[in-house]
There are 6 protein chains.
Amino acid sequence: MILRPPHRLLIEPIVRHALEEDLGRAGDVTSDLIVPAEKRIAARLVARKPGTIAGLVAAECAFALVDPSLRIGIETADGSSVVAGTVLATVEGSARSILTAERVALNFVGHLCGVATATRALGAAVAGTRARIVCTRKTTPGLRVLEKYGVRCGGGFNHRFGLDDAVLIKDNHLVAAGGIAPAIARVRAGLGHMAKIELEVDSLGQLEEALALGIDTILLDNMAPDDLKRAVALTEGRAVLEASGNVTLATVRAIAETGVDYISSGAITHSAPNLDVGLDF
Amino acid sequence: MILRPPHRLLIEPIVRHALEEDLGRAGDVTSDLIVPAEKRIAARLVARKPGTIAGLVAAECAFALVDPSLRIGIETADGSSVVAGTVLATVEGSARSILTAERVALNFVGHLCGVATATRALGAAVAGTRARIVCTRKTTPGLRVLEKYGVRCGGGFNHRFGLDDAVLIKDNHLVAAGGIAPAIARVRAGLGHMAKIELEVDSLGQLEEALALGIDTILLDNMAPDDLKRAVALTEGRAVLEASGNVTLATVRAIAETGVDYISSGAITHSAPNLDVGLDF
Amino acid sequence: MILRPPHRLLIEPIVRHALEEDLGRAGDVTSDLIVPAEKRIAARLVARKPGTIAGLVAAECAFALVDPSLRIGIETADGSSVVAGTVLATVEGSARSILTAERVALNFVGHLCGVATATRALGAAVAGTRARIVCTRKTTPGLRVLEKYGVRCGGGFNHRFGLDDAVLIKDNHLVAAGGIAPAIARVRAGLGHMAKIELEVDSLGQLEEALALGIDTILLDNMAPDDLKRAVALTEGRAVLEASGNVTLATVRAIAETGVDYISSGAITHSAPNLDVGLDF
Amino acid sequence: MILRPPHRLLIEPIVRHALEEDLGRAGDVTSDLIVPAEKRIAARLVARKPGTIAGLVAAECAFALVDPSLRIGIETADGSSVVAGTVLATVEGSARSILTAERVALNFVGHLCGVATATRALGAAVAGTRARIVCTRKTTPGLRVLEKYGVRCGGGFNHRFGLDDAVLIKDNHLVAAGGIAPAIARVRAGLGHMAKIELEVDSLGQLEEALALGIDTILLDNMAPDDLKRAVALTEGRAVLEASGNVTLATVRAIAETGVDYISSGAITHSAPNLDVGLDF
Amino acid sequence: MILRPPHRLLIEPIVRHALEEDLGRAGDVTSDLIVPAEKRIAARLVARKPGTIAGLVAAECAFALVDPSLRIGIETADGSSVVAGTVLATVEGSARSILTAERVALNFVGHLCGVATATRALGAAVAGTRARIVCTRKTTPGLRVLEKYGVRCGGGFNHRFGLDDAVLIKDNHLVAAGGIAPAIARVRAGLGHMAKIELEVDSLGQLEEALALGIDTILLDNMAPDDLKRAVALTEGRAVLEASGNVTLATVRAIAETGVDYISSGAITHSAPNLDVGLDF
Amino acid sequence: MILRPPHRLLIEPIVRHALEEDLGRAGDVTSDLIVPAEKRIAARLVARKPGTIAGLVAAECAFALVDPSLRIGIETADGSSVVAGTVLATVEGSARSILTAERVALNFVGHLCGVATATRALGAAVAGTRARIVCTRKTTPGLRVLEKYGVRCGGGFNHRFGLDDAVLIKDNHLVAAGGIAPAIARVRAGLGHMAKIELEVDSLGQLEEALALGIDTILLDNMAPDDLKRAVALTEGRAVLEASGNVTLATVRAIAETGVDYISSGAITHSAPNLDVGLDF
């Protein structure tokens, strides 16, 4: 898969905002007072733990915004899995500037590598099955674009990016509409041909009803592996099947072996522990 | 301690941005197409796991921004530790509006309760010692103000909010300045009386030098408990001592028992797993 | 079809920006100097020509932003087709405020009704066929969300909202990829299950290749009606077909009668003449 | 006349916003997935229909914001009238970047050339008279600065840019003030010497009253050519006269031949059809 | 003269920005920690020195943004000249909220009253002459709209608001153009009828040239009173005359008595000392 | 002391906003119409009066934002005290660009040099005493960061930057808390180790109470020199003492001679007259 990070026009405002958050009103008073303006250093971004890399472009952006004269070298490609001690990037130039940008750069990289690493772990657990790991809208507010990229770096796939780029009909929508058929009818009457529709079902009965209506993308919510297996058999390839609910490293293999196409996890974005990445001088 | 959430002027732009991120260009197409405009519901925010509560004000803000006519009731105070099943808040009004705001509201609450819960766990582990748990600048970009509040809800204390509201002199600053004495001299020459100065040391020798210079706030970085004990003894109350490095649930008690005043943890903000909070209709 | 305007959170910044553009630095100096503060009036938004209505919510937003105490009444539903002289909305309150907001309110309404009216005209021309009128990304910069809504008010359907919410593979993409098969392969390898893929073809040969690859949404670009008919026959319902190119009131009926599912037009957004709407006191 | 486009500081935020509108959250997924990063192309912006050129600077800005390494050459000066097939500009560099920026660049150029072309047509119709074509505040929300420039490129002149940079007293102001004399008195008492005052009149009686009060800029609203002629005669050069209302290509010559100084048209900004401009590879 | 403050849409972003500047990331930590949430107070904004009042609307806006439930009463009209001890406004409600907003509210009021007071002083010094006091573009960055209003509150008049709402031809423009005649010709060729043109001259020779070209608004720069008198005589009412340069309380009367129409001062905006205004509980 | 201006990331938005304020919608119409695009000039920023220099970086930023191709040379270091006629900076390049940026650049420099000059004057008056001059939060809205830097350029020190970076307990807080002891207790219970606490007292009795509680930073508000002397004696070095109230050039020496450590002045930021700086061609 091609790993292209979000366009600079999308990342830069997020990184700029994070720098403003850290600089506050007075900026980096410690470095400004102590470090001579002419002092130059070379530093390396190093993974202190093994993991999968993502988001070095955000670190690069942080250093460049603080000081366009810094020279940054990316040493490890996003999507790589590395051992502890691997140099991810280098940065050379004004010591003040590097110290000022350091924390923000690391905060991005540590978080996004954490997302990629957690995604990779789930992906490894389902290796050999047809299942793809996919993320959700359970992302950290303000960072969705970057976290979705972190998921791709970990070998995962992206679900919809927001409420507006695809339809996902959940139980509460069905209650409000009075059932699957009227809900689908309303959506089909109002939407053009370029929007995907997915229906969440929680029973085999609902699944049958959905298939009968020609729904081609179905989310099986909180079903036990045995029911998932039955769902796969019943579907006979007529729809793409996504499983969600209770997805952990301990359970994901069994879910994948039922034959579903996608397994979605909120934890890979909202609960992934930071990967420990440091800046060495 | 008084728990006052960040002022609405500080929270609202963050929540508004998160809503815009989720609404995209076309808004909640699923609910718009399926849910009748006049449909009204009542829903409850419920903790699905035990934990410490923080940030309900962000959820409240999300619902109010989406629809000022929604009626929101806070049922559980921030800072409370609750059992699974506890109702945290209620919301009543337009079904469409509630469904549109749901995910953003939950993303904030789940994350901030996660921070509070992780902080509370460290705090509980050091109960009976003098040590206070304190956070760092290792926060999620864009959410520092809210995460710092989550730490307070978990019984922790806040370290500086950014590069500008206090001086923290680290090893690289000392290298650049040519030692502790010149670094301190530069800071004292340039700063007024309203800025705190903390010095990071990694040996007892440095600690002695710092105390001799009258530094009253010192960060002991990555010292083993035995060295921390020696540091406490050597200091004799002349300075506030903060310990950092390798702080986990397994190690924190031993660190606290050395007699240090503060123990800082990045994990409580950057690696706290989400607390599972859902919206029940 | 349900006509729900874009969420207030999406419209308000656009309307606010338009007001700021008109108020400049000094505001409405004419009204401020001449109209007494206590003077109150009632005014009516009136269509001076026949047309289809859209976007009264933007006018409402303009009046409310200028003065929250104004009372606005919507008299005609978006999506209605009206005769000249129809009252669309009423507004009562401070004369100064109404005069200050008037132009911006009318600029939005005139433009969006123009879009709806142009869409309705194309739709009427294809009545009785299976073809739906659909818009494009050829929209006025900054107004896409509102223009897409204007299209829906005119009975049309929306194509994708931007570069990111669906894949549309055009001739230049095929050249860069080295053909249809490799282009499709790359997209399928990288995209999850929630993104629609449409392929633009300009010959029956390409269409056959696309169908063989299982592409289910195809854009037939600039084909003459006879070729479109052949394309429909060849497809046999295996894909949704969209026709584009040289779509005018004069040509659209013939295109629709070929049996295509969608006909896309840039003119309904980028070249729709304003509907003349005035404010009567 | 000197044709200087709006300053980059004024244009760039508008273009950036349009790009963000098109990129959404995920950016140009099609090009990102299909087009190799190293692929380079040269493309030409070509007018597909005859018209008057305006706003190439906005296209240039769009390409530069997407990718500062693109090389853009302006081949046709703003204000030129060209035949179909004329190359307006060239762009060379990353194929991905050019494809990503293409639509936004074309949306600006097509619209602004449309404005210039419509203005030029009116201007041509009044050639040989003293009348100048002038625009209004009936502009597309958010694009006023650019559309006013489009008018200048078409040989037209700009009326005021907003509510604040000149006084324009209309019928409703007169009603609120109780007549022309008190309205003028209030304005003269409150305004300094650097603001222009124009009075709208709709009868020869009002015109006489205005001239008696020394008003030197008068808008004759919705008067028939015969009345306009009388107004010109009556004025005897004591004031600049602007005619408005029912201005079309069919009527404008007759209006101009009455001897008025300015003829204002909203249609040249709010109803100008797009000029068809494409990007050829 | 009618004193209408800038529209709320123009003021609110300025006041909001000032509050964000003061609240920083953590807000009013002192009041949050010390003042009980339920504590209510009543306070009065009081002038501690005599002066002319301006900008209470900015204070009102600051209190309302911090806490919409505060009740604010304006006791003294903008434009009034008051003695020390006069109550300007009252505010009642949450003690925390009032303390949080206090400094920002006072910073605006103190500054704007300072501007009004300085303007009033110059105006009083020229009482009985025809001269009006007028401001310049020498304003505090970010506060022009409010300072221009402060000038009006002090009985002064506003010069242009920016580079764009009128033409002011200065010596450097003349040098670049090659003289007065070509400069004027270029402006007249490019500008419509709604923009004022003022020409700066520094000699009677230039004045004569300007009058001969029909320029009706002329700035006499840095001329001594005797020359100003000669200029007035030479002009014979054919143009509005503005005097600038070396305008102080000591010199302004002599300048006014030469018969010029306007006297412009940068000091009333950029060097006006704050009026001492406090908040009493 | 090291004089480092605020980081470019903090200054640029302020300068950009000031330029937008001056350019309005249409930009510098005078220069655009009159000055040929190819005209180049060299100009010098010159102090017309003696004073202390601050903020040339803001002027540099203004020129660079208007036209990145301008070449700017800083000739005088911030913090220098200069005689009338001193060249502060040079700028070379497009005449249009320089004329467009001129006023904004001068508005910043004139104001910030004014702040530095006023601060220097107070500092000179207390030369030889231990007292340092310190600013307050009585700053011009929107310019705090720059004015605080102006104070440093004048040899002064900065007090807190906002409500959030230190605690300052005033009389109203004491009233709300019920006295000094409970106020201090609440602050100590809620704050971590990195926030400074200052207590304002207005009597020697309060001072004694504060010292007994171990408060190490105390503001003596509005005390006469005799009382200040007593306060210094009573304190015996146990706390840093700041004096405020009635600080003028006439009074500041006497205050300093009492032995206090800091003397705070609002006038150096809110009432400093502009330093006259011009641009010579």
Side-chain angles (χ1 to χ4, degrees), chain A residues 14-15 17-18 21-31 33-36 39 41 95 99-100 103-104 106-108 110-111 114 137-145 161-170 172-173 175-177 183 186-187 189-191 195 266-267 270-271 273-274 281, chain B residues 14-15 17-18 21-31 33-36 39 41 95 99-100 103-104 106-108 110-111 114 137-145 161-170 172-173 175-177 183 186-187 189-191 195 266-267 270-271 273-274 281:
Chain A
I14 301 173
V15 177
H17 177 63
E21 183 186 53
D22 203 28
L23 290 168
R25 282 160 305 217
D28 183 358
V29 291
T30 310
S31 300
L33 285 167
I34 293 178
V35 182
K39 175 85 179 173
I41 53 172
L99 287 167
T100 297
R103 186 72 263 141
V104 167
L106 292 177
N107 284 349
F108 276 107
H111 181 61
R137 282 171 45 244
K138 297 180 179 176
T139 56
T140 311
L143 298 182
R144 187 168 289 169
V145 169
F161 273 66
L163 287 163
D164 65 323
D165 58 338
V167 167
L168 177 47
I169 305 172
K170 300 196 176 180
N172 287 302
H173 297 109
V175 170
R186 287 190 201 172
V187 169
L191 269 193
H270 68 48
S271 295
N274 231 46
F281 294 89
Chain B
I14 301 173
V15 176
H17 177 62
E21 183 186 51
D22 203 27
L23 288 169
R25 281 159 305 214
D28 183 358
V29 290
T30 311
S31 301
L33 286 167
I34 293 178
V35 183
K39 175 87 179 174
I41 51 170
L99 288 167
T100 298
R103 185 73 263 142
V104 168
L106 293 177
N107 284 349
F108 276 107
H111 181 61
R137 282 171 46 244
K138 297 179 179 177
T139 56
T140 311
L143 299 183
R144 187 169 289 169
V145 170
F161 272 67
L163 287 162
D164 66 323
D165 58 338
V167 166
L168 176 48
I169 306 171
K170 299 194 176 182
N172 286 302
H173 296 110
V175 170
R186 287 191 201 172
V187 169
L191 269 193
H270 68 49
S271 295
N274 231 46
F281 294 89

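From a predicted model like this one, the values you see are computed outputs, not experimental measurements. Sequence lines set the chain letters: A, B, ... in the order given, protein chains first and strands last, and positions in each chain run from 1.
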Hey, which of B:Ala18, B:Gly142, B:Ala195, B:Ala177 has the most heavy atom pairs under 4.5 Å with chain A? B:Gly142
Engaged part of B:Ala267 at the chain A interface, taking heavy atoms whose separation is under 4.5 Å: neither
For a side-chain contact (heavy atoms from CB on, under 4.5 Å) check, start with the C-alpha distance between A:His173 and B:Leu33, then their side-chain angles and the critical distance, and finish with the verdict. CA-CA 10 Å; A:His173 297 109; B:Leu33 286 167; over 6 Å; no
Of the listed A:Asn107, A:Leu99, A:Ile41, the one with the largest count of heavy-atom pairs under 4.5 Å with chain B is A:Asn107
Check B:Arg103 against A:Arg137 and note the closest heavy-atom contact, atom names and distance. CB-NH2, 2.9 Å
When the 4.5 angstrom heavy-atom criterion is applied to B:Val187 and chain A, the contacting part is both
Is B:His270 in contact with chain A via its backbone, its side chain, both, or neither, using a 4.5 Å heavy-atom distance? both
For A:Asp28, give me all partners under side chain to side chain donor-acceptor pair (under 3.5 Å), at least two apart in sequence or on another chain. A:Ser31, A:Thr100
Ranked by heavy-atom pairs below 4.5 Å to chain B, first place among A:Leu143, A:Asn172, A:Leu168, A:Val15 goes to A:Asn172
How close do A:Arg186 and B:Val35 get, heavy atom to heavy atom, and via which atoms? NH1-N, 4.4 Å
Please classify the contact of B:Ala183 with chain A as side chain, backbone, both or neither, using a heavy-atom distance under 4.5 Å. both
Please answer whether the main-chain N or O of A:Asp164 pairs with a side-chain N or O of B:Arg25 as donor and acceptor at a distance below 3.5 Å. no
Can you tell me which of B:Leu23, B:Val175, B:Asp22 forms the most heavy-atom pairs within a distance under 4.5 Å of chain A? B:Asp22
Give the member of A:Gly27, A:Pro273, A:Gly162, A:Ala176 that has the highest number of heavy-atom pairs under 4.5 Å with chain B. A:Gly27
Would you mind reporting whether B:Ile14 and A:Pro141 have side-chain heavy atoms less than 4.5 Å apart? no
Chi angles and distances behind the side-chain contact (heavy atoms from CB on, under 4.5 Å) call for B:Lys170, A:Thr30: CA-CA 9 Å; B:Lys170 299 194 176 182; A:Thr30 310; over 6 Å; no
Please rank A:Val167, A:Asn274, A:Val29 by heavy-atom pairs under 4.5 Å with chain B and give me the top one. A:Asn274
Sort B:Lys138 into side chain, backbone, both or neither according to what part of it lies under 4.5 angstrom from a heavy atom of chain A. both
Below 4.5 Å, heavy-atom pairs only: which of B:Val104, B:Thr139, B:Leu106, B:Thr140 has the largest tally toward chain A? B:Thr139
